[in-house]
2 protein chains.
Amino acid sequence: MPQNSYLKHIAYDSVVFGFSGEKLKILLMKYHNTGFYALPGGFVGVSENLNDAVRRGLKERTGLDNIYLEQFYTFGNLERYKPEVMQTILEANGGLGNGLEWLLDRFISVAYFALINYKDVIPQPDALSDSCDWYDLDTLPTLILDHAEIVKKALETLRFNLDRKLVTTNLLPTYFTMKDLQNVYEAILGEKLHRGTFQRKMLGLGVLKRHEKQYTGAANKAPFLYSFED
Amino acid sequence: MPQNSYLKHIAYDSVVFGFSGEKLKILLMKYHNTGFYALPGGFVGVSENLNDAVRRGLKERTGLDNIYLEQFYTFGNLERYKPEVMQTILEANGGLGNGLEWLLDRFISVAYFALINYKDVIPQPDALSDSCDWYDLDTLPTLILDHAEIVKKALETLRFNLDRKLVTTNLLPTYFTMKDLQNVYEAILGEKLHRGTFQRKMLGLGVLKRHEKQYTGAANKAPFLYSFED
DNA sequence: TTAATATTGTCTCATATTGAGACAATATTA
DNA sequence: TAATATTGTCTCAATATGAGACAATATTAA
């Protein structure tokens, strides 16, 4: 794609949350030959909606359409302008002179978080990256630029909105148990919740549909499966 | 300022809320010879933090420093790219050829809302505008581009966060009565609140400091004045 | 000087919500 | 058939909320 196909100075970064069943994880890219870890991000086509650009990028990394996506902040501090970082990445990938000099400019980044069903995703690296993989939120590697701050703010926003909207079902498969749902809440909030109270509250929302029981073979009463009422 | 002093494609718009004592109002600019109304906005210097650019712009319009400011969304749809609007504005101000052609490009706009004490402000127009003045939120004129949508989202965000943070004191003078505070809440929420319950809740937060009574000359019990506990 | 009036600060009471534990129901294994 | 772990639901106390009631004023009218 020729360089003038993207808007200058504007980037996006996405914090893709997944839930393994125990822990919250996010997707990180590792760049070729640099040891640099970064959030999956990209640029906005000159004839493309900002939100569409982010969905396009997520589709490339995760293969998923119709992802739950929320824009939460735009980072525009000067401290995030470190051309030497991008220079290193480009040099590790065959150097400049490929019409990629525009990447060395200052960028303002619009940040989004996505909530997706961990098991549906096979992460895909891009041309500049060795890998795109899941990392535990509580043991992340060092990230480039201000990406650690972006992750922090994403989690804060998610927590802040948790009791306003039932978004956590996006982190689970279509059918899930009440315990699965509680595990997601506890992973996001970082604290234990009372089982009876949690169950009462979730059922009280009136948006969960109860299905048949899930017989796992465990030596105990089988839990109901639920789905999100659409 | 030469054109290359600003980052291309990036703008900001600000929804400045003030409270007249009865109604919520916002600041609007009216452009010379066009009848166009718009939110106060601006651009980001190449060596300037995004947040600082917004504070600089607000300082020019309101004369105020240390304003309560919150970034709430970044608007990047293609539909907001209407170069003919900016062209009309520029032609009404002496035409192009002044090195202002970059204003005809596509812009992504980072939107902020500010909460300020209405009485502290003497609105100041800029070079392109006839006026910068307060308008009732419920009887706004037609705004350019997507500015009506920006206002709508600003109000939604303000409402959504209203019971999480005590931000409304930013809309009042240093000393205010409980009724003043309740009026602000009612104006933002668009509904009446029960007096006793409201008072109990606000005092229960433990962040209001009670001062002497306010004797206004009205034929009734004088209310206490409060300030925000810092 | 006293009564009338509007508004305030606070209280009470009914209702709703929340936090924490208790208990029966069950799906499996010993 | 008993033991065990976990689930669904209930109960009860503690808290919070919604709505009205009432005494305490600051002023005006009589």
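Order of the sequence lines sets the chain letters (A, B, ...), proteins ahead of strands, with each chain counted from 1.
Looking only at side-chain heavy atoms (C-beta outward), K23(A) and L137(A) stay at 4.5 Å or farther from each other. Side-chain atoms of R159(A) and L155(A), non-hydrogen and from C-beta on, do get closer than 4.5 Å to each other.
In this structure, the nucleotide among dA20(C), dT7(D), dT17(D) sitting nearest to the side chain of T197(A) is dA20(C). Picking from dG8(D), dA19(D), dT9(D) the nucleotide with the shortest atom distance to the side chain of P223(A) gives dG8(D).
One can place CG of L208(B) at 16 Å from C1' of dT8(C), the figure rounded to the nearest angstrom. The distance from atom NE2 of H194(B) to atom C1' of dA16(C) is 16 Å, rounded to the nearest whole Å. Atom CZ in F198(A) sits roughly 16 Å away from atom C1' in dT6(D) (whole-Å rounding). Rounded to whole Å, atom C1' of dG8(D) lies 15 Å from atom CG of L225(A). When the P atom of dT9(D) is taken as reference, atom CE of M178(A) falls 9 Å away, rounded to whole Å. Atom CE in M202(A) sits roughly 15 Å away from atom P in dT17(C) (whole-Å rounding). Rounded to a whole Å, the NZ atom of K192(B) is 16 Å from the P atom of dG20(D). With rounding to whole Å, Q182(B) atom CD is found 13 Å from dG18(D) atom P.
Taking a cutoff of 4.0 Å between a charged side-chain nitrogen and a carboxylate oxygen, R80(B) and D146(B) qualify as a salt bridge. The residues E156(A) and K152(A) are annotated as salt-bridged, a charged nitrogen and a carboxylate oxygen being separated by less than 4.0 angstrom.
Y226(B) and D180(B) share no side-chain donor-acceptor pair at under 3.5 Å.
The base of dG9(C) is not paired with the side chain of R210(B) by any donor and acceptor separated by under 3.5 Å.
Ring-plane geometry between H211(A) and Y175(A) is classed as perpendicular, the angle between the planes exceeding 60 degrees on a 0 to 90 degree scale with a lower cut at 30. Classified by interplanar angle (parallel below 30°, tilted 30° to 60°, perpendicular above 60°), the ring pair Y37(B)/Y135(B) is perpendicular. Between F198(A) and Y185(A), the ring planes are perpendicular. Angles over 60° get that label, and only those under 30° would be called parallel.
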So if I define the base as every atom that isn't primed, P, OP1 or OP2, how would nucleotides 22-30 of chain D read as a B/S/- string at a heavy-atom cutoff under 4.0 Å? --BBBB---

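The ring of F75(B) has its center closer than 6.0 angstrom to the ring center of Y73(B).
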With Watson-Crick and G-U wobble geometry limited to distances under 3.5 Å, how should the secondary structure of DNA chain C be encoded in dot-bracket form, using | for bases paired to another strand and [ ] for crossing pairs? ||||||||||||||||||||||||||||||

